[in-house]
Amino acid sequence: MKLKPMMDFVLEQKQKTTSETDYAKPLKLIFNYANFLKQPLTLGMFVPCDENGNVLEKPENFIEGYDSEYNEEIYNYMRVKEKVLFKGFSHGKFGFKDQYYVKLGENMKAVFPFPNIRNYTIEDLIEFEPELTPSALKLIGLNS
């Protein structure tokens with residue numbers, strides 16, 4: 001699912017409702033989505049970061065889709081990577097310490113510098129229509 005405006009999400013939930021007495025689940029999803037959209041952006045929503053918000057580089061011997069419980073570095077990276085909320089973003093580093101940017105796609109459809117981005121919320125990303133990860137869908141309640 002792509003990130004969408006709140007009104008579109010509400011109308012989508014209404015279409016999925018089969019009767020007027022069956023509003024409990026859609027209403028809960030609407031509230032969850034509203035709370036999701038209001039979260040302030042963090043670097044860890046875009047790329048894997050440690051608990052202090054530092055970007056974790058992909059381990060040298062990392063292979064996408066390969067589960068390695070025997071290599072602690074790969075295992076930890078995969079665990080953190082699962083917490084990322086948006087697909088398709090990559091990162092780079094400016095010449096200054098702790099000044100990262102994230103971009104959507106190779107054509108740089110969207111570029112966000114960090115830590116300056118903290119004044120923005122997930123709702124500010126709607127125009128770029130980023131794809132949500134399973135972790136994001138789970139936060140909203142769309143994927144249990």
Side-chain angles (χ1 to χ4, degrees), residues 1-59 61-94 98-144:
M1 175 180 127
K2 290 189 181 219
L3 191 65
K4 56 185 86 171
M6 186 68 194
M7 187 63 69
D8 292 350
F9 187 81
V10 169
L11 294 174
E12 184 181 284
Q13 295 309 309
K14 184 178 182 332
Q15 286 178 348
K16 291 179 180 178
T17 305
T18 56
S19 74
E20 289 188 24
T21 59
D22 189 28
Y23 283 132
K25 184 177 179 188
L27 198 53
K28 182 177 180 183
L29 289 174
I30 289 168
F31 292 154
N32 289 349
Y33 194 67
N35 286 326
F36 179 75
L37 290 178
K38 292 300 177 190
Q39 289 183 67
L41 293 178
T42 64
L43 194 53
M45 292 176 174
F46 300 94
V47 294
C49 292
D50 66 15
E51 60 276 348
N52 298 320
N54 301 312
V55 174
L56 292 178
E57 297 300 328
K58 189 183 296 185
N61 48 354
F62 177 77
I63 300 170
E64 195 69 45
Y66 177 72
D67 186 12
S68 176
E69 60 187 61
Y70 303 109
N71 184 314
E72 187 175 345
E73 181 184 17
I74 292 174
Y75 177 77
N76 288 335
Y77 179 80
M78 289 175 59
R79 196 179 92 258
V80 172
K81 188 174 187 279
E82 288 176 1
K83 295 179 183 179
V84 170
L85 301 181
F86 305 106
K87 293 180 186 177
F89 282 88
S90 58
H91 75 283
K93 194 167 186 177
F94 292 117
D98 296 330
Q99 293 290 313
Y100 283 90
Y101 68 87
V102 293
K103 66 179 183 168
L104 177 58
E106 289 306 311
N107 60 359
M108 297 181 87
K109 180 178 176 183
V111 178
F112 302 100
F114 283 85
N116 311 17
I117 200 74
R118 292 187 181 136
N119 298 330
Y120 296 94
T121 64
I122 290 175
E123 189 171 30
D124 294 311
L125 298 176
I126 287 174
E127 68 181 285
F128 304 108
E129 299 180 320
E131 187 77 24
L132 300 177
T133 65
S135 291
L137 296 174
K138 187 174 182 178
L139 276 174
I140 298 164
L142 292 170
N143 185 11
S144 305

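This structure is a prediction, so every number in the text was calculated from the model and none was measured.
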* Short N-O contact, K38 and E123, less than 4.0 angstrom -> yes
* Would you sort out whether F86 and T133 count as a side-chain contact (heavy atoms from CB on, under 4.5 Å), showing the intermediate values? => CA-CA 5 Å; F86 305 106; T133 65; 5.5 Å; no
* To do: Verify side-chain contact (heavy atoms from CB on, under 4.5 Å) between Q15 and L11, making sure each step is shown before the conclusion.
  => CA-CA 6 Å; Q15 286 178 348; L11 294 174; 5.7 Å; no
* Got L85 and F36 here, is their nearest side-chain heavy-atom distance under 4.5 Å? -> yes
* Asked: CG/L56 to CZ/R79 distance, rounded to the nearest 0.5 angstrom?
  -> 9.5 Å
* Structure fact -> The residue among L37, N32, I140 that forms side chain to side chain contact (heavy atoms under 4.5 Å, CB included) with F9 is I140
* Do L132 and L3 come close enough that some side-chain heavy atom pair is under 4.5 Å? -> yes
* Could you check if a side-chain atom of K14 sits within less than 4.5 angstrom of a side-chain atom of V10, using non-hydrogen atoms only? => no
* Which atoms form the tightest heavy-atom contact between F46 and T42, and what is the distance? -> CD1-O, 3.3 Å
* May I ask you to test the L41-T121 pair for a side-chain heavy-atom distance under 4.5 Å? => no
* Donor-acceptor pair, D50 side chain versus N52 backbone, under 3.5 Å? -> yes
* Would you sort out whether L29 and Y33 count as a side-chain contact (heavy atoms from CB on, under 4.5 Å), showing the intermediate values? => CA-CA 6 Å; L29 289 174; Y33 194 67; over 6 Å; no
* Asked: How long is the gap from CE on M45 to OG on S135, to the nearest 0.5 Å?
  -> 11.5 Å
* To do: Return yes when atom OH of Y23 has more than 12 non-hydrogen atoms of other residues, nucleotides or ligands closer than 6.0 Å, and no otherwise.
  => yes
* Do P48 and V84 have side chains that get closer than 4.5 Å, going by heavy atoms? -> yes
* To do: Applying side-chain contact (heavy atoms from CB on, under 4.5 Å), run through V55 and C49 and close with a yes or a no.
  => CA-CA 4 Å; V55 174; C49 292; 4.1 Å; yes
* Looking only at heavy atoms, which two atoms of I126 and K4 are closest? And how far apart? -> CD1-O, 3.6 Å
* **Nearest-0.5 Å distance, CD of residue E57 to CD of residue E73** => 10.5 Å
